[in-house]
Structures are given as structure tokens and as C-alpha cells.
Amino acid sequence: MRTLPIAPITAEAFAPYGTLLVGPAAGPRQDRAAEIENGRPGVPLNLALIRSEPFAATMPLRRLERHPRSAQAFLPLAVGDYLVVVAPDAGDRPDEAGLCAFRVPGGTGIVYRSGAWHAHMTTLAAPGTFAMLVHEDGGPEDCVFAPIEPVSVDLPEA
């Protein structure tokens, strides 16, 4: 089974998949920090609360998901560092050769751009809670899953 190293996340490394959300560098507010794309006019924005479990209990990964017509934002509410696994698109399925894993600090949010392949949200140590935003109407275009060859991640010693 393939094992991915976990790298610290940077805005540049994550850019093909989405946007990092960090606090404003100056001033009390940063407007339009990221676009929450909606490719289906009339489909409502869903604000959900997500409980995520530590990644060790969810390995190996056997599938990835994407939201073909909506961005998806995860805003940490009560979360330590967490794990993000992403892959480029290869003709409507994940490019497994391009899989990469990132360690994200608990105070940083992420926005997956529409169509970005990613794993379910997992934390690194204790369970955590995220606010999640995505445009959904309960239909088949909300979320698409694709099986992948089993893969695990290797957490370096902190």
C-alpha cells in the first residue's frame, strides 16, 4: 500500500485545489477572502457543522470526493491541526499519481474550489468540529465519489 508523506500546507502548494483562510494581516476585517462558487443558480448555501475524527481511524483512504458545481469551505471551530488530502483531476477522476497530503494548522480554514478532488475531513489527534459551507440541494450533483487504490499517510514526528 502506498503511503503519502504529510507536508505543511502553504497557499502556493494548495492553490490548484483552493484557498487558505487565515486571519486578516491588518484591520479588523478581510472581505471576499475566498469565492464560494455556485455553478447551479438557485441551489441554496448549506451551513453544516461537521465532526471530524482523527485520520488514524480512517486509514487507508479508499475514495476521494468532489463537488463539481460548488466550492466547499471548512472553517475550524474546535480543531487542532488537521489533514487535507487532495489530487489533481484526470478526466473526471482523481489522478492518483498526484495525491498529496497537507498538515493544516487548526486556526486556518480552507476552501476547496469546485471540482477539486479531496478526502473527507480528518483531524490529526483529537476529534474536531468544523463549520462547512457548500451549495447543496440533495441531488446527485452535490457530491461525486471516486474509488482509489488504498493509500495511507505518514505523520512525521512533531
Side-chain angles (χ1 to χ4, degrees), residues 4-55 58 61 63-90 92-96 98-146 148 151 153 155:
L4 298 174
I6 300 176
I9 200 162
T10 65
E12 296 77 25
F14 190 67
Y17 311 102
T19 305
L20 295 185
L21 299 172
V22 295
R29 178 174 160 162
Q30 178 186 355
D31 289 317
R32 300 190 188 9
E35 183 180 356
I36 306 297
E37 304 156 283
N38 181 11
R40 296 182 291 165
V43 172
L45 185 62
N46 178 15
L47 171 61
L49 299 179
I50 305 293
R51 178 180 164 88
S52 294
E53 297 296 326
F55 81 98
T58 66
L61 289 175
R63 72 179 187 178
L64 295 180
E65 66 182 72
R66 73 177 180 169
H67 308 274
R69 308 272 306 250
S70 177
Q72 184 182 36
F74 285 93
L75 312 169
L77 296 178
V79 179
D81 289 1
Y82 60 99
L83 174 68
V84 167
V85 178
V86 292
D89 183 65
D92 287 333
R93 62 168 287 99
D95 176 359
E96 294 182 50
L99 276 167
C100 51
F102 296 109
R103 179 185 198 124
V104 185
T108 299
I110 61 166
V111 179
Y112 292 115
R113 72 179 73 258
S114 62
W117 289 105
H118 60 90
H120 56 278
M121 187 59 70
T122 59
T123 56
L124 291 179
T129 302
F130 293 86
M132 186 268 302
L133 293 166
V134 65
H135 289 91
E136 294 179 313
D137 64 2
E141 292 188 66
D142 285 350
C143 188
V144 174
F145 294 96
I148 60 170
V151 64
V153 294
L155 182 64

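No experiment lies behind these values; they were computed from the predicted model shown.
- In terms of heavy atoms, Pro76 sits closest to Gly107 at CG-C, 4.4 Å.
- Side-chain atoms of Leu99 and Val151, non-hydrogen and from C-beta on, do get closer than 4.5 Å to each other.
- Summarising the geometry, atom CG belonging to Asp95 is positioned 8.5 Å from atom CG belonging to Asp89; distances are rounded to the nearest 0.5 Å.
- The CG atom of Leu77 sits 10.5 Å away from the CD1 atom of Ile50 when rounded to the nearest 0.5 Å.
- Atoms CG and CZ, on Leu64 and Arg93 in that order, are 8.5 Å from each other to the nearest 0.5 Å.
- You'll find the side chain of Thr58 reaches within 4.5 Å of the side chain of His120, heavy atoms only.
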Check the pair Arg69, Asp137 against salt bridge (charged side-chain N to carboxylate O under 4.0 Å, His left out), reporting the backbone distance first and the verdict last. CA-CA 11 Å; Arg69 308 272 306 250; Asp137 64 2; over 6 Å; no
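- The shortest side-chain heavy-atom distance between Arg51 and Pro127 falls under the 4.5 Å cut-off.
- One finds no salt bridge joining Glu65 and Arg63 here, because no Lys/Arg side-chain nitrogen approaches an Asp/Glu carboxylate oxygen to under 4.0 Å.
- Looking at heavy atoms from C-beta onward, Asn38 lies out of side-chain contact with Leu45 at the 4.5 angstrom threshold.
- We find the SG-CZ distance between Cys100 and Phe14 to be 9.0 Å, quoted to the nearest 0.5 Å.
- Under the 4.5 Å side-chain criterion, counting only non-hydrogen atoms from C-beta, Leu83 is not in contact with Thr123.
- No side-chain heavy atom of Tyr112 sits less than 4.5 Å from a side-chain heavy atom of Ser70.
- Scanning both residues, Pro94 and Ile148, for their nearest heavy atoms gives CG-CG2, 4.0 Å.
- Under the 3.5 Å distance criterion, with hydrogens and angles disregarded, a donor-acceptor pair is assigned to the side chains of His118 and Gln72.
- The minimum heavy-atom distance linking Ile36 with Ala73 is given by the pair CD1-CB, 3.9 Å.
- Closest approach of Pro88 and Gly98 over heavy atoms only: CD-O, 3.4 Å.
- Minimum interatomic distance between Val144 and Trp117 (heavy atoms only, all atoms of both residues): O-CZ3, 3.8 Å.
- The pair Arg40-Asp142 meets the salt-bridge criterion, with a side-chain N (NZ, NE, NH1 or NH2) lying under 4.0 Å from an Asp/Glu carboxylate O.
- Between Ile110 and Thr19, every side-chain heavy-atom pair lies at or beyond the 4.5 Å cut-off.
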Given side chain to side chain contact (heavy atoms under 4.5 Å, CB included), test Arg103 with Val153 step by step and report yes or no. CA-CA 11 Å; Arg103 179 185 198 124; Val153 294; over 6 Å; no
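- The line from CG of Leu47 to CG of Leu75 is 8.5 Å long, rounded to the nearest 0.5 Å.
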What do the steps show when you test Leu21 against Val111 for side chain to side chain contact (heavy atoms under 4.5 Å, CB included), and what is the final call? CA-CA 7 Å; Leu21 299 172; Val111 179; 3.7 Å; yes
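- Taking the six-membered ring where the residue is Trp, the centroids of Phe55 and Tyr82 are separated by 6.0 Å or more.
- Using a 4.5 Å cut-off on side-chain heavy atoms (C-beta onward), His67 and Cys143 make contact.
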Do Phe130 and Val79 pass the side chain to side chain contact (heavy atoms under 4.5 Å, CB included) test, and can you show the C-alpha distance, the side-chain angles, and the key distance before you say yes or no? CA-CA 7 Å; Phe130 293 86; Val79 179; 3.7 Å; yes
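- Residues Ile6 and Phe102 approach most closely at CG2-C, 3.6 Å, considering heavy atoms.
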